[in-house]
Structures are given as structure tokens and as C-alpha cells.
Amino acid sequence: MVLHIPFDNTYARLGSGFYTNQSPASVASPQLIAFNQTLAELLQVAGGDVLEMAQVFAGNQIPEGAAPLAQAYAGHQFGNFNPQLGDGRAILLGEVLGTDSRRYDIQLKGAGPTPYSRQGDGRAWLGPVLREYVVSEAMNALGIPTTRALAAVSTGETVWREGGLPGAVLTRVASSHLRVGSFQYFAARGETEALKKLTAYAIKRHYPQAQGPLGLLRAVRDAQARLIAAWMSVGFIHGVMNTDNCSISGETIDYGPCAFMDHYRAEQVFSSIDRMGRYAYANQPGIVVWNLAQLATALIQQLDNPQEAVEEATAIIHAMPSLIEVEWLRLFRRKIGLETLASGDLELISDLLQLMADENADFTNTFRALAGGNATDQFQDPKAFEPWQARWMRRRASEQNAEALMRASNPVYIPRNHRIEEMIAAAVAGDFTLFERLSAVYQDPFAEQAGAEDLRRPPEVDEVVRATFCGT
């Protein structure tokens with residue numbers, strides 16, 4: 001069977017100012033680690049034999065119809081603007097139309113240097129590739145908008161970071177790879193016509209109902225508000241919420257130093273490069289508002305009189321915090337079994353979170369335990385939980401489907417940091433058993449699975465992961 005990818009490329013037709021034509025760099029000895037058959041069917045990608053797929057997904061063989069390129073974009077990184085970033089280690093092969101009639105990018109990450117690599121080698125090592133494969137697919141199963149993983153390939157080459165590490169390439173799928181930084185790139189250069197062209201393209205591809213630049217801003221705002229609330233609801237911390245990692249489609253993109261909380265702490269940070277806590281768990285809503293303000297600044301540059309649009313753009317952005325809060329409250333209300341609205345719900349949820357912080361309670365396990373009616377054993381001092389539990393039981397007494405709602409809203413399994421690190425260590429040693437196991441279990445995160453009880457356990461003291469890394 002011959003691998004077939006039905007490419008239908010539109011971004012490549014925007015013109016050379018938006019990208020650089022760039023073929024992947026070949027690798028020595030590619031071997032297929034994983035191929036996502038379910039996603040392939042959605043994309044109408046027909047898998048070939050294992051050897052051929054390894055060659056294609058490593059970048060050694062360019063499939064028919066592909067238009068390989070590296071995208072140009074700018075971005076604020078930890079608040080500091082860089083006018084030229086771009087795909088430094090990723091090659092967009094092209095686009096396909098899925099069976100759902102939606103358009104998807106297919107991109108190789110770790111495919112070698114590009115003009116945007118800034119003296120980097122353009123490669124990825126095995127650990128970040130497997131992390132993104134597992135975590136992005138888990139996020140999809142959790143119902144959170146995300147890029148996805150089609151394939152992972154080892155390269156047979158050594159990537160040098162602090163030391164020598166096994167190389168790998170990830171095939172990433174996204175609704176597009178347009179970012180806030182894509183618009184900042186042209187705005188910073190004063191390239192108004194290119195900015196108009198990109199805006200029209202983004203509207204047509206993602207939000208055909210949007211009217212003009214401010215309509216696009218409003219649509220992206222709404223999508224990002226829903227996304228951030230969804231992250232918060234599962235204890236997810238992105239780690240690098242730079243504007244070049246903020247997607248126009250409202251999908252989670254870039255699983256570098258990401259992590260899921262174990263014990264609840266609002267100020268939790270894992271990213272090794274986030275030394276000031278800019279992207280801490282509780283800071284994520286504020287940061288996405290800041291990011292969207294940068295998008296607004298870029299978008300209005302294409303208008304005949306940008307100053308006239310400032311007031312409307314400001315109003316759009318100023319509405320974002322309340323949109324996030326409304327969605328956050330809806331999701332957390334569901335997590336404690338509430339479908340109806342009551343004035344004291346925000347206080348009830350906030351008090352639980354504070355109690356969890358005070359008592360070192362596990363975020364995921366505590367909410368899941370509530371589905372059984374009692375989470376007492378999640379707290380260091382069980383009696384500390386009882387007053388809140390009494391309030392909660394009174395509040396949910398009138399709810400008809402509380403337990404079912406909680407079981408559908410609170411996962412049993414999340415990609416816990418210590419399990420991801422354990423998986424990477426085993427894979428580096430040549431054992432992909434845990435990678436395969438985690439990939440399978442996380443595809444059904446809301447169901448209790450026989451034999452997977454150990455994956456619910458928070459880390460022991462000597463297993464705690466205190467820092468996560470980009471891996472670039």
C-alpha cells in the first residue's frame with residue numbers, strides 16, 4: 001500500500017513574503033514509532049507500509065502534492081518583542097480537507113534548519129516529541145481544542161543539547177499555524193497589504209462569519225476565552241504563552257514546558273524558563289488578554305484610520321476577562337455537579353480551591369472523588385473538608401444529574417508529569433511500552449480502566465517533577 005496524502009494547499013498561494021520555501025533535511029535512519037490511524041482517517045490520509053511512512057514522516061521523502069515551507073512570524077516572548085521568529089525547526093508540508101470538511105495543516109517538527117533557525121540545528125530530540133504526541137492526543141480526548149499528532153519517527157541521529165540525545169520528528173496537525181505573531185510580523189514592518197491579505201485569509205479559513213479586522217479580533221477573543229477556561233478546568237499550565245504560541249484558531253499549540261498540576265496551587269509554575277512566574281496557572285487568563293491586545297494593535301494597522309478603531313478594539317479586549325470568567329464558572333460549576341445557576345456558586349468553588357491549596361489536595365483526584373459524593377480522603381485533615389462538603393450537598397440537592405455531570409466533567413486520568421518523564425526515560429533506553437500504554441489510557445480519560453489504577457496516583461516525594469523544559 002502506498003502512502004497517500006490528499007494535499008490541497010492554500011497558504012502556499014499567499015506568496016513568498018509569508019514564508020520561505022524549505023524542504024526538510026534528510027535523516028540517517030528513520031524508524032516509525034507511532035502512527036495515529038484514527039486521525040489519519042479523519043484527514044483522509046491512507047497509510048503506506050511502515051518503511052515508507054518512516055521516510056515521509058521523517059522528511060526524507062516528499063509526498064506528491066506537498067508544498068514544503070517554513071512560515072514567517074514575529075512574537076512577544078516573555079513580554080519582549082522579536083520582529084522575526086518564524087519556523088525554526090518546523091516544515092509545513094501542506095494542507096488537507098478532512099472528512100469533517102475542515103482544513104488541516106500537516107507539519108513536521110524537528111525537520112531541520114530553516115532561515116528562521118537563528119543558528120539552531122532545527123532538530124528535536126525524542127523526549128519532547130513523545131511528550132507532545134501523548135499530551136496533545138490526551139488534550140483532544142479531554143475535549144479541549146488542540147493541535148494533534150499524526151506520527152512520531154526516530155531519526156537514527158544524535159541531537160546535541162546538554163549532551164547527546166536520540167533525535168526524532170513529530171508530525172503535527174493543526175487547523176492552521178496562524179498565530180498572533182503572524183499578524184505582528186507584517187504590522188511591525190508596516191506591510192499593510194500583506195496584513196490585509198493575511199486577515200482576509202484567516203477570516204475565510206477560520207471565521208467566515210467575521211466582518212473585517214475587528215470581527216476577526218472578536219472571534220479570536222471568544223475562541224481563546226473558551227480555551228483558557230478549559231485549560232484551567234483540568235489544571236493545565238501551558239508554560240510559554242508567548243504571542244507566537246497563541247493560535248488564531250483557538251487551539252492549544254506548542255507543548256514545550258507544559259504540565260498538569262498535581263496538588264493544587266494557583267501560583268504553580270513548571271517551565272524552567274519562566275523564572276518570574278509570568279505564565280503561572282492563575283496568570284493564564286490575564287496573559288491571554290495581554291496577547292489579544294497585541295493582536296488588536298497589529299490588526300488595526302491595516303485600517304485607513306487606525307486611531308478611529310482604537311476605542312472599539314479596546315472595548316473588545318476589555319470584555320475578555322468577563323468572558324473567561326463566565327466560561328470558567330460554567331466549567332467549574334459542572335465539575336461540582338451543578339447545571340443550574342445560583343448567586344453563591346463562585347464563592348462555593350473558590351472556597352473549595354482555597355481549601356485544596358491549604359490541605360495539599362490533588363486537583364484531578366479531588367474533583368473526581370466528588371463524583372462519588374465524598375472527597376474527604378483527599379485532604380490532609382479530613383475534618384477541614386466537612387463544612388464545605390455540607391454546603392455543597394445542600395447546594396446540589398436540587399440537581400437531577402449531578403453525579404453523571406461530574407463524571408463527564410472530571411477526568412480520571414491526566415498526563416501526570418512524573419509519568420511523562422518516566423515514559424521518556426524508558427523510550428530513550430529503547431522501551432516504548434509505557435508510551436504505548438499512556439497513549440491508550442489517555443484516549444478514554446473519563447472512564448475508570450481496569451489495570452490503570454497506578455496512573456491515577458500523584459507522585460511520591462522523590463517522583464515530583466519541579467521543572468519542565470522546552471527541549472528545543
Verdict with supporting geometry, Phe35 and Val50, side chain to side chain contact (heavy atoms under 4.5 Å, CB included):
CA-CA 9 Å; Phe35 178 68; Val50 172; over 6 Å; no
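Taking the side-chain contact (heavy atoms from CB on, under 4.5 Å) definition, one finds that Leu214 meets it with Leu217, Ile300, Ala309, Glu312, Ala313, Ile316, sequence neighbours left out. With sequence neighbours excluded, the residues forming a side-chain contact (heavy atoms from CB on, under 4.5 Å) with Val159 are Asp121, Arg123, Trp125, Arg161, listed by chain and number. In this view, Thr243 and Gln184 satisfy the side-chain hydrogen bond (donor to acceptor under 3.5 Å, both in side chains) rule, not counting sequence neighbours. Taking the side-chain hydrogen bond (donor to acceptor under 3.5 Å, both in side chains) definition, one finds that Asp462 meets it with nothing, sequence neighbours left out. With sequence neighbours excluded, the residues that form a side-chain contact (heavy atoms from CB on, under 4.5 Å) with Ala149 are Tyr133, Ser136, Glu137, Leu170. Residues forming a side-chain contact (heavy atoms from CB on, under 4.5 Å) with Ala440 (at least two apart in sequence, or on another chain): none.
Contact check for His177 versus Gln107: side-chain heavy atoms found under the 4.5 Å cut-off.
Identified under the salt bridge (Lys or Arg N to Asp or Glu O under 4.0 Å) test for residues 340-361, with sequence neighbours left out: Arg333-Asp345, Asp345-Arg395, Asp351-Arg391. Among residue pairs with one or both ends in residues 225-239, those qualifying as side chain to side chain donor-acceptor pair (under 3.5 Å) are Trp231-Thr252; sequence neighbours excluded. Applying the salt bridge (Lys or Arg N to Asp or Glu O under 4.0 Å) test to pairs two or more places apart or on separate chains, those with a residue in residues 433-444 are Arg437-Asp454. Sequence neighbours left out, the pairs with a member in residues 417-435 that pass side chain to side chain donor-acceptor pair (under 3.5 Å) are Arg419-Glu422, Asp431-Thr433. Within the structure, the salt bridge (Lys or Arg N to Asp or Glu O under 4.0 Å) test picks out no pair touching residues 381-390 (sequence neighbours left out).
Here the CE-NE2 distance, from Met261 to His263, works out to 11.5 Å after rounding to the nearest 0.5 Å. Considering CD1 of Ile414 and OH of Tyr442, their distance stands at 7.5 Å, rounded to 0.5 Å. Atoms CE and CZ, from Met241 and Arg278 in turn, are 9.5 Å apart once rounded to the nearest 0.5 Å.
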Give every donor-acceptor pair under 3.5 Å between a side-chain atom in residues 317-326 and any protein atom, sequence neighbours left out.
{"from": "Ser322", "atom 1": "OG", "to": "Ala319", "atom 2": "O", "distance (Å)": "2.9"}

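Within 6.0 Å of the CD atom in Glu311, the count of heavy atoms belonging to other residues, nucleotides or ligands does not exceed 12.
The aromatic rings of Phe385 and Phe379 lie parallel to each other, their planes meeting at an angle below 30°, with 60° marking the opposite boundary.
Checked options Lys335, Glu399, Arg396; the residue passing with Met406 is Arg396 (criterion: side-chain contact (heavy atoms from CB on, under 4.5 Å)).
A salt bridge between Glu95 and Arg205 is present, with a side-chain N of the basic residue lying under 4.0 Å from a carboxylate O of the acidic one.
Judged purely by distance below 3.5 Å, without hydrogens or angles, the side chains of Asp105 and Tyr11 never pair a donor atom with an acceptor atom.
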